[in-house]
K.L.:
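Would you mind keeping the following structure in view while I ask a few things?
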Amino acid sequence: MDKNEKVNELARRRGFLWPAFELYGGAAGFYDYGPLGAPLKRRIEDIWRQYFVIAEGFAEIEAPTIGVEGIYQASGHLAGFSDPLTGCKECKEVYRADHLIKHIIEVPDALKNEEIYKCIQENEIGCPECGGELSQVYEFNLMFKTMIGPGNKMTGYLRPETAQGMFINFPRLLRYFRDSLPFAAVQIGKSFRNEISPRQGVIRLREFTQAEAEIFIDPRDKTHPRFAEVKDIKMKFYSRQAQEKGEEEEMTFGEAVEKGLVAHQTLAYYVARTYQFLLAVGVAPDKLRFRQHKSDEMAHYAADCWDAEVFLDRMGWIEIVGVADRTDYDLKAHASVSKVDLSVFVHYDQPVKRQKLVVKPDFKKLGPRFKSKAKAVGEALKALSAEELKGGSGTKDDKIKVVVDGETIEIEKDLFSFESVEEEVRGIEIVPHVIEPSFGIDRILYTVLDHSYYEDVADGEIRAVLRFKPAVAPIEVAVLPLMDRKELVGPARKIQEQLRCRGMRVDFDISGSIGRRYRRCDEAGTPYEVTVDYETLELGTVTIRDRDSMSQVKVPEWQVADKLQALLNASIKFHEAGDLVAAVKKE
RNA sequence: GCGUCGAUAGUGUAGCGGUUAUCACUAGGCGUUGCCAACGCCUAAACUCGGGUUCGAAUCCCGAUCGACGCACCA
């Protein structure tokens, strides 16, 4: 059994991850989070909130998981999130239809399915495998489609990403943030993609959890005011150039920006925060790197994109986070489809004085001459530039040409006047750029399981342990009476109650020998175990066991809650918690 | 979607046309037990689903579902 299998088996057995709908035969690409998995996930999300909501002052919102058609028209998911497929009638192999005609048509993406099929037929393209005849080209869209209300009147789609929820709330968010940049909104929630072939457990799901932040910034200044906080952090950068060499480069974020590896400070800042977050939830630093998208794999609108990748045995490097500069693509797309202006008015520090040409059409003359068109002619004149107005040889007969409703009209210069006036410009309309850190929570959770899993040998037996950070552990403390006896169980229950009052996640276990219970705790990743023994009754002390070292300390019962709290938030080290107990050997 | 292989208690398994479906671990109960999967007794628990062949199917055949791997797809 390799590590991946062991981790999956443990996750299933102990209640982290269960294949969904098992009772009815299951469905690929769906998982249940069990009694340990759900809190683990929740705690990872809470740490994410700590980093990307609280620390940054971002706003968390919650949008519907079903979206109306317009959203995905604008986002490009309707057209771009589907692939034209064709299959061989002989050997049943399936191909991307547009890929087969790449060498004939420059931009096969632009063709409709029928056109692609026509092209395949005309060029007598057969199955690349066996030469067999290819089927009709059909569309496979990765979005789940549904209908809103009865009678097919309105089409809805399950969202393929949470990001759009932030984009389409841009005007409201802008107001909320008092009309000024930068600001950001985040969302943690389910997204849905009807994957052709979900694989690798929780790595590619049809329903999955994303945590995304859309950070709206002024495109003219991509420095970050808090960059100094992260600039000395060292990390493994796997840049475009480094990928050619096949070797990551370790450097500080400061250096990475200076060398132009990362496009700008703001992107680098959020890559750094992403890095810190991943370490905080328990991703192993030596199995983590940030890989830059190559120019050809980046979305055409993105300026720069860095993926956090983790190493998982058997699967290799897996993407778990993407941090991209999406520029103004999304806002412009939504502005154009929805016909709502999605720009921000940015005030200058100082109003700028500027010469401006003011055109004054002489409506007394234009009116009788152009009748109902007069207004349009006037507007057309106002829209002209100084050069155009001054155009011609300057003689009195010179005429200016304007186009009104597709009709070219010549206008004598005495029908209008213009003058240059000084005006104060107080700011400009800007479509913000968007920095998007996008996290795959399920993948991160799986990574935490994988990177936390380790085995050692205790008393000749293999001991499987999940070395969760206390901050993510689904159970923080287990209270264990040394034996199942009334005089021990009673005080132990009291300690459990006391710890729960402190808000700790406490488990209580009296089943089986103490050793067996320790093993169960190890597999659940519970960092500390409190044992109640006869010394508790005689001397008022309890034992705290450390999951990772298996060593134990004695502490007075009245201190145990404080000590555990301090251990859990890492303000003291284990050996500082109490008197170390010499290892007791079994006979 | 395609191909190869697989699917038996919670987990790992035995089974090869007729068994009360094997064993271990696990889990629950009782007893015992002074700190790392101890011991004894008891208990619970499975042939993925649907068809077919056969007197008889966990076993052979077909299909579906799920899983692993490869291809393709996806980020």
Side-chain angles (χ1 to χ4, degrees), chain A residues 1-2 4-6 8-10 12-15 18-30 81-88 90-96 99 127-130 135 138 140 142 160-161 193-201 203-206 208 210 291 293 297-299 305 307 309 314 317-322 324 438 440 443 456 458-465 480-485 488 511-523 529-536 542-547 549-552 554 581-587:
Chain A
M1 210 159 52
D2 66 20
N4 184 61
E5 279 175 283
K6 283 179 182 171
N8 278 316
E9 196 259 319
L10 173 63
R12 209 176 330 126
R13 202 159 35 82
R14 284 291 170 211
W18 294 329
F21 324 129
E22 261 186 313
L23 201 57
Y24 292 99
F30 297 96
F81 210 56
S82 66
D83 297 315
L85 299 180
T86 181
C88 172
E90 304 292 324
C91 68
K92 305 291 179 202
E93 193 66 65
V94 175
Y95 302 97
R96 276 284 292 272
H99 287 180
C127 170
E129 282 294 314
C130 70
S135 75
Y138 58 96
F140 187 81
L142 263 25
E161 59 173 15
R193 295 180 188 178
N194 202 0
E195 296 287 353
I196 296 171
S197 163
R199 283 292 169 81
Q200 325 264 45
I203 297 302
R204 192 184 304 160
L205 292 170
R206 290 191 165 122
F208 57 103
Q210 287 186 305
R291 191 179 68 84
H293 276 206
E297 69 179 312
M298 204 152 42
C305 183
D307 284 348
E309 294 185 331
R314 192 155 94 176
W317 290 96
I318 297 282
E319 175 200 340
I320 57 170
V321 185
S438 170
R443 289 182 175 192
D456 60 11
D459 294 325
E461 298 253 17
I462 291 175
R463 183 177 81 113
V465 193
L480 315 171
L482 186 58
M483 282 169 297
D484 185 7
R485 283 192 184 152
L488 296 179
S511 155
S513 72
I514 187 70
R516 178 180 300 279
R517 285 178 273 160
Y518 283 151
R519 289 296 183 274
R520 280 199 281 251
C521 290
D522 292 338
E523 287 195 334
E529 289 76 35
V530 174
T531 313
V532 173
D533 54 28
Y534 282 98
E535 281 183 30
T536 312
V542 296
T543 309
I544 303 177
R545 171 200 187 247
D546 176 47
R547 175 197 64 203
S549 63
M550 293 197 286
S551 49
Q552 302 183 330
K554 287 272 183 195
V581 179
V584 184
K585 268 278 144 211
K586 195 172 51 168
E587 270 102 77

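Below, read A as the first sequence line, B as the second, and so on, with proteins coming before strands; counting in each chain starts at 1.
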K.L.:
How many Å lie between CG on Leu23(A) and P on C49(B), as a whole number?
P.N.:
12 Å
K.L.:
Let me know the distance between CG of Asn8(A) and C1' of U11(B), rounded to the nearest Å.
P.N.:
14 Å
K.L.:
Work out which heavy atom in Leu480(A) is nearest to a heavy atom in Tyr518(A); give both atom names and the distance.
P.N.:
CD1-CE2, 3.5 Å
K.L.:
Specify the closest pair of heavy atoms between Met483(A) and Tyr534(A), including all atoms of both residues, with the distance to one decimal.
P.N.:
CE-CE1, 3.6 Å
K.L.:
Students often get this wrong, so: under 4.0 angstrom with heavy atoms, is Gln210(A) touching a base, only sugar-phosphate, or nothing?
P.N.:
nothing
K.L.:
Side chain of Gln552(A): nearest nucleotide among C35(B), A37(B), C73(B)?
P.N.:
C35(B)
K.L.:
Considering every strand shown, what is the Watson-Crick or G-U wobble mate of U11(B) when both distances are under 3.5 Å?
P.N.:
A24(B)
K.L.:
For the side chain of Glu461(A), counting heavy atoms from C-beta on, which of A37(B), C35(B), C74(B) is nearest?
P.N.:
A37(B)
K.L.:
Taking the same atom, C1', in C74(B) and in C16(B), what whole-Å distance lies between them?
P.N.:
42 Å
K.L.:
Should Thr543(A) and Asp533(A) be marked as a side-chain contact (heavy atoms from CB on, under 4.5 Å) after you check the CA-CA gap, both sets of side-chain angles, and the distance that decides it?
P.N.:
CA-CA 8 Å; Thr543(A) 309; Asp533(A) 54 28; 3.7 Å; yes
K.L.:
Taking the same atom, C1', in C42(B) and in G70(B), what whole-Å distance lies between them?
P.N.:
50 Å
K.L.:
Let's test this: given Watson-Crick or G-U wobble pairing with both distances under 3.5 Å, identify the partner of C35(B).
P.N.:
none
K.L.:
When you get a sec, tell me which of A37(B), C35(B), G34(B) is the closest nucleotide to the side chain of Lys554(A)?
P.N.:
C35(B)
K.L.:
Using a 4.0 Å heavy-atom cut-off, does Gly15(A) contact any base of the nucleic acid, only the sugar-phosphate backbone, or nothing at all?
P.N.:
nothing
K.L.:
Identify, between Arg14(A) and Arg291(A), the residue whose nearest nucleotide on RNA chain B lies closer to the 5' end.
P.N.:
Arg14(A)
K.L.:
Considering every strand shown, what is the Watson-Crick or G-U wobble mate of G63(B) when both distances are under 3.5 Å?
P.N.:
C49(B)
K.L.:
Rounded to the nearest angstrom, tell me the gap between atom CZ in Arg519(A) and atom P in C36(B).
P.N.:
9 Å
K.L.:
Nearest whole Å is fine: how far is U11(B) P from Lys6(A) NZ?
P.N.:
18 Å
K.L.:
A46(B) and C41(B): how far apart are their C1' atoms, nearest whole angstrom?
P.N.:
25 Å
K.L.:
Would you indicate what Leu482(A) reaches in the nucleic acid, counting non-hydrogen atoms under 4.0 angstrom: base, sugar-phosphate, or nothing?
P.N.:
base
K.L.:
Taking all non-hydrogen atoms of both residues into account, name the closest pair between Ser438(A) and Gln210(A) and its distance.
P.N.:
OG-NE2, 4.0 Å
K.L.:
Taking pairing as Watson-Crick or G-U wobble with both contacts under 3.5 Å, can you name the mate of G70(B), or confirm there isn't one?
P.N.:
C2(B)
K.L.:
Looking only at atom C1', what distance separates G10(B) and G28(B), rounded to whole Å?
P.N.:
13 Å
K.L.:
If you look at every heavy atom in Pro481(A) and Arg517(A), which pair is closest and at what distance?
P.N.:
O-NH1, 2.6 Å
K.L.:
Paired with C30(B): which nucleotide, if any, by Watson-Crick or G-U wobble criteria at under 3.5 Å for both distances?
P.N.:
G40(B)
K.L.:
What is the distance from CZ of Arg485(A) to P of G34(B), rounded to the nearest Å?
P.N.:
6 Å
K.L.:
What is the pairing partner of U54(B), taking Watson-Crick or G-U wobble pairs with both distances under 3.5 Å in any strand?
P.N.:
none
K.L.:
Closest to the Ala28(A) side chain: A37(B), G67(B), U11(B)?
P.N.:
G67(B)
K.L.:
What nucleotide among C35(B), A37(B), G12(B) has an atom nearest to a side-chain atom of Arg12(A)?
P.N.:
G12(B)
K.L.:
With heavy-atom distances below 4.5 Å as the criterion, would you say the side chains of Glu529(A) and Gln552(A) are in contact?
P.N.:
no
K.L.:
Heavy atoms from C-beta onward define the side chain here; which of U11(B), C74(B), C36(B) lies closest to that of Met550(A)?
P.N.:
C36(B)
K.L.:
Could you please name the option among C35(B), C74(B), C36(B) that lies closest to any side-chain atom of Thr531(A)?
P.N.:
C35(B)
K.L.:
Heavy atoms only, 4.0 Å cut-off, all strands: where does Arg517(A) land among base, sugar-phosphate and nothing?
P.N.:
nothing
K.L.:
Any side-chain N or O of Gln200(A) under 4.0 Å from OP1/OP2 of A68(B)?
P.N.:
no
K.L.:
Is there a side-chain contact between Arg12(A) and Pro19(A) in this structure, where contact means two heavy atoms from C-beta onward sitting under 4.5 Å apart?
P.N.:
yes
K.L.:
In whole Å, measure the gap between the C1' atoms of C23(B) and U13(B) for me.
P.N.:
8 Å
K.L.:
Rounded off to whole Å, could you give me the CG-to-C1' distance for the Leu488(A) and U33(B) pair?
P.N.:
12 Å
K.L.:
So which atom in Arg443(A) and which in Ile318(A) form the shortest heavy-atom distance, rounded to 0.1 Å?
P.N.:
NH1-CG2, 4.1 Å
K.L.:
So which one's nearest nucleotide on RNA chain B is more toward 5', Ser511(A) or Gly515(A)?
P.N.:
Ser511(A)
K.L.:
Using atom C1' in both nucleotides, what's the gap between G56(B) and G18(B) to the nearest angstrom?
P.N.:
7 Å
K.L.:
Taking atom P in both A57(B) and G50(B), what distance in whole Å separates the two?
P.N.:
14 Å
K.L.:
Could you give the CG-to-C1' distance, from Leu205(A) to G67(B), as a whole number of Å?
P.N.:
15 Å
K.L.:
Write down the distance separating the P atoms in C49(B) and A7(B), rounded off to the nearest Å.
P.N.:
14 Å
K.L.:
Is Arg193(A) close enough to A75(B) that one of its side-chain N or O atoms is under 4.0 Å from OP1 or OP2 there?
P.N.:
no
K.L.:
Would you say U26(B) has OP1 or OP2 under 4.0 Å from some side-chain N or O of Arg516(A)?
P.N.:
yes
K.L.:
Could you tell me the separation between the CG atom of Asn4(A) and the P atom of A68(B), rounded to a whole number of Å?
P.N.:
9 Å
